[in-house]
Amino acid sequence: MIELSYRSLLTGLVMAGLLSTPAMVSADEQRIRTLIDQTLERLEASVEPVELTADRDYALSADGATYTATFQHFGLAFDEGVFEAGPMIVTLTVLDGDEIRVDTQIANTLTLREGDELIGELNIGGQELSGTWSEPLEAFRLINVNLEDLHLQILTEPFEGRIGHLAAQQQLDVATDATWQQEQDLRLADVQLTMMETEVRLGQLTSGTELKGKDYKQLRELLTRLNKLAEQADALDMTADAPDAALESVIPLFETLGEISKLINHYSGSLAGRELAMHEADDSLGGLDQFAIHSSADNRGELPELGFSLSMDGARSPTQTWPSELLPRSAHFELRLRRIPQDLFNRVLHIGLASEGIHGDLQALYWQQQLLGVLMESALELQIPDTFIATDLSRTDLDLRAAVEPDALFGGVGELNLYITNMEALIEATGAGQNPAIAPMLAMITAFSERRQGEDGQTIDAFELAVTEQGRLMLNNKDITALLMQ
């Protein structure tokens, strides 16, 4: 009897232990949960000070290698408002090669509320949100976003926005030697914004970014360090009694940025649009046929280079106050900085820190002296090539190069080429030739020009100025040093 009771007690304890033991979690499910939780943490950090409102007790179901996470609530909370994108369903499929495909479905109607009041709505006609997560890279290797027929309404304001199509892609590739390349592309089509009676339409807007670099593992480590330093900087009280200590604590953040920049060999970014038109009621406010902005940075040679350009074509402005033939129809501006000192960033940072201990009245002089010293130790070169502005009446072209040359008499050399098409017609149309304050200067400028004939028969006034290493000023191959030095 005692033995039977003992066995019954033992069996009961074993069964109770089995029933109370949590279900075993598979390795794949653990990978899925880790990815979801880490992604939520990254989102929380990236949207601060706005609060991410996402279910942490989300439901997770499995069907073979595919897992489905359901978030009843997913959005952002700020002040007294809440932006809600849920319910959200995330489907994650474990792939070969330590990758996980992620497909996301958000609500077709996203809402913005303030308390119980509905402030705005964003309706989505069609959506495709997908990506491929790489566990070795600790990043999304592929991201693909396609949204159709977006319609935004702010119910408390006379504002409405529509986008016919939004597409975004991102791809990250890492080679066996740890060099990496990331490309991002964004395209908006059929954009329409309406505010009261003012309407802005844009046929297409595109942007693209390309990054190339080295040592991907170190880059990830530096980015993690940068995020931690940024969080510490946000918590600093810059108005504290010891501002120098607070400022010095920010130094590691900028130094980390400098280390990251050394791992980026090349960057290029572009933004372009076409068919921009603005209307108020039935009246045109003008527009552009097309515009483009481009920036670049290159660190693959001996010294870094930077570039920037801005262009536009087909400008229209029926409300201008000057004659229509003087309205800039097209323009292009380009700037390049070449042979930038490798340590320029850190040197400027330390000049700024050192200037904090100098009296305010002397800081500007200190900055001027220190920056001049940095420049004179470099071979920095500034270029403004292929720059022009054109109207129906005239066109002005500019090409400039200026380089630091410590051995030169003026500390530098350079050339400036300026070409003005139909300059006399431009002077007449603006009335500048009749202005007694301007007319003498224009007469002198005209006297210095070299008049040429363009291919289309138009007159071009050329001004080709050069500063030589010996300190000579040459205009159209004529030495004018003595004249300008008087």
Side-chain angles (χ1 to χ4, degrees), residues 139 141 143 167-175 177-188 202 204-216 218-220 222-223 226 254-274 276 288-313 330-349 371 374-375 378-389 397-404 412 414-417:
R141 188 176 59 81
I143 295 177
Q169 289 81 37
Q170 176 178 300
Q171 180 170 336
L172 172 65
D173 296 304
V174 180
D177 61 355
T179 58
W180 54 273
Q181 175 175 327
Q182 184 180 69
E183 295 181 356
Q184 296 176 326
D185 295 288
L186 173 68
R187 178 178 178 271
L188 303 177
L202 187 61
Q204 181 174 291
L205 182 69
T206 60
S207 71
T209 303
E210 181 184 60
L211 287 168
K212 294 181 179 180
K214 57 189 176 183
D215 203 337
Y216 180 80
Q218 184 182 2
L219 176 69
R220 296 296 309 178
L222 289 172
L223 289 173
L226 182 67
F254 288 100
E255 290 179 340
T256 303
L257 278 172
E259 292 182 53
I260 291 174
S261 67
K262 293 178 182 178
L263 299 181
I264 300 176
N265 295 331
H266 175 75
Y267 154 83
S268 65
S270 63
L271 176 69
R274 60 179 178 83
L276 172 65
L288 283 172
D289 287 346
Q290 58 186 14
F291 63 89
I293 301 171
H294 184 266
S295 58
S296 64
D298 201 291
N299 197 26
R300 291 174 291 191
E302 293 183 2
L303 293 173
E305 298 183 5
L306 294 176
F308 173 82
S309 68
L310 170 66
S311 62
M312 65 93 173
D313 188 52
S330 61
H332 178 79
F333 172 77
E334 188 167 343
L335 183 147
R336 300 174 191 165
L337 281 176
R338 301 181 62 244
R339 299 200 292 266
I340 303 172
Q342 289 277 8
D343 61 345
L344 179 62
F345 182 85
N346 284 334
R347 294 186 68 174
V348 172
L349 173 63
L371 288 178
V374 172
L375 290 177
S378 73
L380 186 67
E381 181 177 286
L382 167 68
Q383 294 181 356
I384 302 180
D386 305 323
T387 293
F388 73 89
I389 183 168
D397 290 81
L398 173 67
D399 194 330
L400 178 146
R401 184 189 75 89
V404 176
E415 303 87 31
L416 185 152
N417 299 321

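The residues of the chain are indexed from 1 along the displayed sequence.
The two residues Val404 and Leu375 have their closest heavy-atom pair at CG1-O, 3.4 Å. Taking all atoms of both residues into account, the shortest heavy-atom contact from Leu172 to Gln182 is CD1-CB, 4.1 Å. Residue Asp386 comes nearest to His332 through the heavy atom pair O-CD2, 2.9 Å, listed as atom of the first residue, atom of the second, then distance. Pairing each heavy atom of Ser330 with each of Asp313, the nearest pair is CB-OD1, 3.1 Å.
No side-chain heavy atom of Ser378 sits under 4.5 Å from any side-chain heavy atom of Arg339. Here the side chains of Val374 and Val348 are not in contact, with every heavy-atom distance at 4.5 Å or above. Side-chain contact check for Ile293 versus Leu310: some heavy-atom pair is nearer than 4.5 Å.
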Side-chain donor-acceptor pairs of residues 262-269 under 3.5 Å, sequence neighbours excluded:
residue: His266; atom: ND1; partner: Asp298; partner atom: OD2; Å: 3.1
residue: His266; atom: ND1; partner: Arg300; partner atom: NH2; Å: 3.3
residue: Tyr267; atom: OH; partner: Ser295; partner atom: OG; Å: 2.9

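Residues forming a salt bridge (Lys or Arg N to Asp or Glu O under 4.0 Å) with Arg401 (at least two apart in sequence, or on another chain): Glu381, Glu415. Under the rule for a side chain to side chain donor-acceptor pair (under 3.5 Å), the partners of Gln170 that lie at least two apart in sequence or sit in another chain are Gln184.
In summary, the side chains of Gln181 and Glu183 do present a donor paired with an acceptor at a separation below 3.5 Å, with no hydrogens or angles considered.
A donor-acceptor pair under 3.5 Å links the side-chain atoms of Trp180 to the main chain of Lys214, judged by distance alone. A donor-acceptor pair is defined here as one N or O able to donate and one able to accept, closer than 3.5 Å; such a pair exists between the side chain of Thr387 and the backbone of Pro385.
Remark: Leu271 CG to Leu186 CG distance equals 9.0 Å, nearest 0.5 Å. Taking CD of Gln383 as the reference point, atom CG of Asp399 lies at 8.0 Å (rounded to 0.5 Å). For the atom pair CG (Asp185) and OG (Ser270), the distance works out to 8.0 Å, reported to the nearest 0.5 Å. One finds the OG atom of Ser296 at 7.5 Å from the CG atom of Leu306 (value rounded to the nearest 0.5 Å). Annotation: the span from Thr256 atom OG1 to Leu223 atom CG amounts to 10.0 Å, rounded to 0.5 Å. A distance of 7.0 Å separates CZ in Arg141 from CD in Gln171, rounded to the nearest 0.5 Å.
Annotation: Phe388, atom CZ; neighbour count of heavy atoms from other residues, nucleotides and ligands within 6.0 Å is above 12.
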Next on the checklist: Go through it in stages, so that I can follow the logic: the residues are Asp177 and Tyr216, the test is side-chain contact (heavy atoms from CB on, under 4.5 Å), and I'd like the CA-CA distance, side-chain angles, deciding distance and then a yes or no.
Outcome noted: CA-CA 9 Å; Asp177 61 355; Tyr216 180 80; over 6 Å; no
Item to check | CA sep, side-chain torsions, deciding dist, call: Leu202, Leu188, side-chain contact (heavy atoms from CB on, under 4.5 Å) | outcome: CA-CA 9 Å; Leu202 187 61; Leu188 303 177; over 6 Å; no
Checklist entry - Between Leu398 and Phe333, is a side-chain contact (heavy atoms from CB on, under 4.5 Å) present by the stated rule, with each step listed? => result CA-CA 9 Å; Leu398 173 67; Phe333 172 77; over 6 Å; no
Next on the checklist: Does Leu416 form a side-chain contact (heavy atoms from CB on, under 4.5 Å) with Leu400? I'd like the steps, not just the answer.
Outcome noted: CA-CA 4 Å; Leu416 185 152; Leu400 178 146; 3.5 Å; yes
